[in-house]
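Residue indices begin at 1 and follow the sequence shown. Because the structure is a prediction, the values reported are computed rather than measured.
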Amino acid sequence: DLCILDVMMPKKDGFSVAQSIREKNQDIPIVFVTAKSLKEDRIKGFQLGADDYITKPFSIEELILRVEVILKRSKREGQPVQNKDSFTVGEFTFDFKNLLIVHATKTQELTQREAELLRLLCVNKNQVVERDTILNVIWGDDSYFNGRSLDVFISRLRKYLKADVKVEIVNVHRVGFKLTAND
């Protein structure tokens, strides 16, 4: 939900970590908590996409309040994406509201759960979504039996999307799944 970074870390400095995070995810909030209080350091932190820059010493209460504000704001801003009803996935148009995947050659009706799973993958396109996250969001818990159901639903979605070879649901071993598509 949020990254808290120190600038002075042993193997890789916080600025480099923030840059790596921003290359993969533009939306995740980043807060620097550091002893580096020079104006140039603060500017560099914000240029790298930090949402806040707190210098040491600080009170833990202040840090908690700042984190709560950032999380509240990011959830509010992220709301439309979560509620998005239409997606382009390669040659497909996915209409969540009407539970349809439309392709030039075929229109496929989905079950509610298939549509919810596909929307979660679409919202996080080209990013790994962890199995536990999928199970908790779609099924409400991450039990073994729900895990087996997830595998069945992934197989069905792969079958529906096979008309476009540029669209793939990749299994990331022991982590989760990633929807890749060249749109």
Side-chain angles (χ1 to χ4, degrees), residues 1-5 12 16-30 47-51 70-183:
D1 293 328
L2 178 124
C3 296
I4 298 177
L5 303 174
K12 195 173 187 182
S16 300
V17 173
Q19 190 170 6
S20 297
I21 291 169
R22 283 293 173 245
E23 287 170 3
K24 291 183 168 69
N25 186 328
Q26 289 292 315
D27 300 323
I28 191 161
I30 296 175
Q47 285 175 333
L48 288 169
D51 292 81
I70 290 169
L71 288 175
K72 196 180 301 179
R73 185 182 68 225
S74 68
K75 281 186 173 55
R76 193 170 53 242
E77 289 170 356
Q79 206 65 12
V81 173
Q82 295 298 326
N83 293 330
K84 188 173 176 185
D85 287 332
S86 183
F87 300 88
T88 300
V89 183
E91 298 172 1
F92 295 94
T93 301
F94 168 44
D95 180 352
F96 174 76
K97 198 173 191 178
N98 294 305
L99 307 176
L100 295 173
I101 301 174
V102 180
H103 186 264
T105 61
K106 184 179 179 185
T107 297
Q108 175 68 49
E109 290 185 38
L110 302 176
T111 66
Q112 184 67 41
R113 192 152 281 168
E114 288 170 339
E116 289 171 1
L117 176 55
L118 184 55
R119 179 168 68 168
L120 183 60
L121 292 171
C122 286
V123 166
N124 296 285
K125 188 164 58 173
N126 297 317
Q127 298 177 35
V128 176
V129 183
E130 294 181 3
R131 282 182 74 86
D132 292 347
T133 300
I134 296 169
L135 289 168
N136 285 310
V137 168
I138 307 296
W139 275 268
D141 73 66
D142 59 354
S143 71
Y144 171 81
F145 297 105
N146 288 337
R148 299 295 59 123
S149 292
L150 170 59
D151 294 335
V152 170
F153 279 85
I154 290 290
S155 294
R156 285 188 202 159
L157 290 177
R158 284 178 174 146
K159 181 179 156 193
Y160 302 153
L161 298 170
K162 72 180 179 183
D164 184 352
V165 295
K166 297 178 299 242
V167 175
E168 184 179 13
I169 299 175
V170 178
N171 180 14
V172 180
H173 187 63
R174 297 184 183 259
V175 181
F177 299 94
K178 176 169 64 170
L179 175 66
T180 60
N182 297 331
D183 298 334

(request) Determine the sole option in Asn126, Val89, Thr180, Val129 for which the side chain to side chain contact (heavy atoms under 4.5 Å, CB included) test with Leu121 is passed. (result) Val129
(request) Calculate, to the nearest 0.5 Å, the distance between atoms OG and CD1 belonging to Ser149 and Ile138 respectively. (result) 12.5 Å
(request) Say whether, by atom type as modelled, one donor and one acceptor occur between the side chain of Asp95 and the main chain of Ser86 under 3.5 angstrom. (result) no
(request) Evaluate side chain to side chain contact (heavy atoms under 4.5 Å, CB included) for Arg113 paired with Trp139, printing each intermediate quantity in order. (result) CA-CA 9 Å; Arg113 192 152 281 168; Trp139 275 268; 2.9 Å; yes
(message) Working to the nearest 0.5 angstrom, can you tell me the gap between Tyr144 OH and Leu135 CG?
(response) 12.5 Å
(message) For a quick test of reading the model, state the closest non-hydrogen atom pair linking Arg22 to Leu48 and the distance between them.
(response) CG-O, 3.2 Å
(request) Answer with yes or no whether the side chains of Asn136 and Asp141 bring together a donor and an acceptor at under 3.5 Å. (result) no
(request) List the atom of Val167, the atom of Gly90, and the distance in Å for their closest heavy-atom pair. (result) CG2-CA, 3.8 Å
(request) Apply the side chain to side chain contact (heavy atoms under 4.5 Å, CB included) test between Leu179 and each candidate in Asn124, Val128, Ile169; give the one that qualifies. (result) Ile169
(request) First locate atom NZ of Lys159, then atom CG of Leu157, and finally report the distance between them rounded to the nearest 0.5 Å. (result) 11.5 Å
(message) Between Asp164 and Glu91 (side chain of the first, backbone of the second, donor and acceptor by atom type, cut-off under 3.5 Å), is there such a pair?
(response) yes
(request) To the nearest 0.5 angstrom, please state how far the CG atom of Asp85 sits from the CZ atom of Phe96. (result) 7.0 Å
(message) To check you understand the geometry: which heavy-atom pair defines the closest contact between Thr111 and Leu99, and what is its length?
(response) O-CD2, 4.2 Å
(message) Quick check: do Arg158 and Asn171 have side-chain heavy atoms less than 4.5 Å from each other?
(response) yes
(request) Look at the aromatic rings of Phe87 and Phe94 and report parallel, tilted or perpendicular, splitting at 30° and 60°. (result) parallel
(message) Among Asp1, Ile70, Ile4, which residue satisfies the side chain to side chain contact (heavy atoms under 4.5 Å, CB included) criterion with Pro29?
(response) Ile70
(request) Report the distance from atom CG of Asp27 to atom CD1 of Ile21, rounding to the nearest 0.5 Å. (result) 13.0 Å
(request) Evaluate side chain to side chain contact (heavy atoms under 4.5 Å, CB included) for Ile134 paired with Leu120, printing each intermediate quantity in order. (result) CA-CA 8 Å; Ile134 296 169; Leu120 183 60; 3.9 Å; yes
(request) Give a yes or no on this: more than 12 heavy atoms of other residues, nucleotides or ligands lie within 6.0 Å of atom CD of Glu130. (result) no
(request) Give the minimum heavy-atom separation between Ala163 and Thr105, together with the two atoms involved. (result) CB-OG1, 4.5 Å
(message) Determine whether a donor-acceptor pair (N or O, by modelled atom type, separation under 3.5 Å) exists between the side chain of Asn25 and the backbone of Ile28.
(response) yes
(request) Starting at CG of Leu100, measure out to OG1 of Thr93 and round the result to the nearest 0.5 Å. (result) 10.5 Å
(request) Can you see which heavy atom on Glu114 is nearest to which on Arg156, and at what distance? (result) OE2-CD, 2.9 Å
(request) Answer yes when Asp151 and Arg131 have at least one side-chain N-carboxylate O distance shorter than 4.0 Å, and no when they do not. (result) yes
(message) Show the nearest heavy-atom pair for residues Lys125 and Ala181, with the distance to one decimal.
(response) CD-CB, 4.1 Å
(request) Decide whether Lys12 and Ser20 meet the rule of one side-chain donor and one side-chain acceptor closer than 3.5 Å. (result) yes
(request) State whether Phe145 and Arg148 meet the cation-pi test: NZ (Lys) or CZ (Arg) under 6.0 Å from the six-membered ring centroid, and within 45° of the perpendicular axis. (result) no
